[in-house]
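Down below is the structure, laid out as structure tokens.
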Amino acid sequence: MTARIIDGKAVAAGLRQRIAARVAGLGYRPGLRVVRVGDDPASGVYVRNKDKAAKEVGFDSATIALPAETTEAELLAVVAQLNADPAVDGILVQLPLPPQIRAEVVISAVAPEKDADGFHPLNAGRLASGQAGLVPCTPKGVMHLLAASGAVLPGARAVVLGRSNIVGRPMAQLLLAADCTVTIVHSRTRDLPAECRRAEILVAAVGRAEMVRGDWIAEGATVIDVGINRLADGRLVGDVAYAEAAARAEAISPVPGGVGPMTIACLLENTLDAAIARRAPRGG
Ligand SMILES: Nc1nc2c(c(=O)[nH]1)N[C@@H](CN(C=O)c1ccc(C(=O)N[C@@H](CCC(=O)O)C(=O)O)cc1)CN2
């Protein structure tokens, strides 16, 4: 078997087009502010791509670049200003942050209704309890990819490899909400290959280059690779050994060109949803 490729670039382009059409009908431009601290080169690329994508769909987008020495208090002051700014609908603080700043403190300081990343504990709690809220962009993007691939989710055995707050845990919640039977596996799981082989849907989000080998994949599985790992020779690879896995899977998302572009498209979707919810006239 050679797997079908789940083309994240194409699915993301379609989503961005639908977002642009919705924005054109709004009568205002949703405001997105991306805060970057320091000069991590990869973060620089991601932040530029977010700003470009946001402008292309018609958002009022700007990046706030702060020096690497910024203190936690200074960053919290910037976040407070953005929380109070009525023109701002979505706020995102690019990760990773320098070591003097606690990411969890900053994430909790973003107004939950402007939390374009969906990382705030209130939004995490809403997701865990089945309530509507802003959902982390990468797992949301995976759900879009699964829908585009035609995977049948209700009743499917889904295995999520990785338990981070940003990907693994919300991913498991979204799959559960879609009626999958969900298992989270991680570095302390006994016999990881056997657990992964049980998956009809396998989402790899462990952050280790090509850790998932071909014989970890059940024949006919759908494999979504969330990993983005830069090798010493400059190549970008996922958490899945792609060629080996593609020989057994029915469908697989590549790296690059799979989940990455969806993360940015879902950031736009979250910001648009936040703008509509925030600006909707209230009343009874
Ligand atoms: N505040 C946040 N910080 C970070 C997030 C996040 O969702 N919110 N996720 C990652 C980085 N990230 C977005 O910020 C991101 C990573 C990768 C891509 C992407 O499109 N990758 C391309 C390849 C790009 C390359 O060549 O380097 C792909 O996979 O095709 C988009 C967004 C950590 N920080």
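In listed order, ligands and their atoms are each counted from 1. Along the sequence shown, the residues carry numbers beginning at 1. Values below: every heavy atom of this structure, side chains too, minus hydrogens, waters and symmetry copies. Fair warning: this is a prediction, and the values are worked out from it, not measured in the lab.
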ask   = What is the distance from atom SG of C180 to atom CG of L174, rounded to the nearest 0.5 Å?
value = 10.0 Å
ask   = Can you tell me if CZ on R102 sees more than 12 non-hydrogen neighbours from other groups inside 6.0 Å?
value = no
Ligand-residue contact atoms, ligand 1 with [X], heavy atoms, under 4.0 Å:
X: T263; answer: 7 (O)
X: K50; answer: 8 (N), 13 (C), 14 (O)
X: V93; answer: 1 (N)
X: G257; answer: 28 (C), 29 (O), 30 (O)
X: L236; answer: 23 (C), 25 (C), 26 (O), 27 (O)

key: R208: partners by side chain to side chain donor-acceptor pair (under 3.5 Å), with sequence neighbours left out   = none
What do you reckon, does [X] have a nitrogen or oxygen under 3.5 Å from a nitrogen or oxygen of ligand 1?
X: F119; result: no
X: Y46; result: no
X: D117; result: yes
X: T138; result: no

task = Looking only at non-hydrogen atoms, find the nearest pair between A111 and N83 and report the distance.
result = N-OD1, 3.0 Å
query = Under 4.5 Å between any side-chain heavy atoms of K114 and V88, yes or no?
reply = yes
ask   = Heavy atoms, side chains only, cut-off 4.5 Å: are N123 and V135 in contact?
value = no
Same apolar cluster (I L V M F W Y, side chains within < 4.5 Å links), V259/V240 = no
query = Just by distance, with hydrogens left out, do S61 and D51 show a side-chain donor and acceptor under 3.5 Å apart?
reply = yes
query = Is it the side chain, the backbone, both or neither of I228 that has a heavy atom closer than 4.0 Å to ligand 1?
reply = side chain
query = Taking non-hydrogen atoms only, is C137 closer than 4.0 angstrom to ligand 1 via side chain, backbone, both or neither?
reply = neither
request  = Take atom 8 (N) of ligand 1 and look for protein heavy atoms under 4.0 Å from it; say yes if you find one, no if not.
outcome  = yes
query = For ligand 1, is there an atom lying under 4.0 Å from some heavy atom of R230?
reply = yes
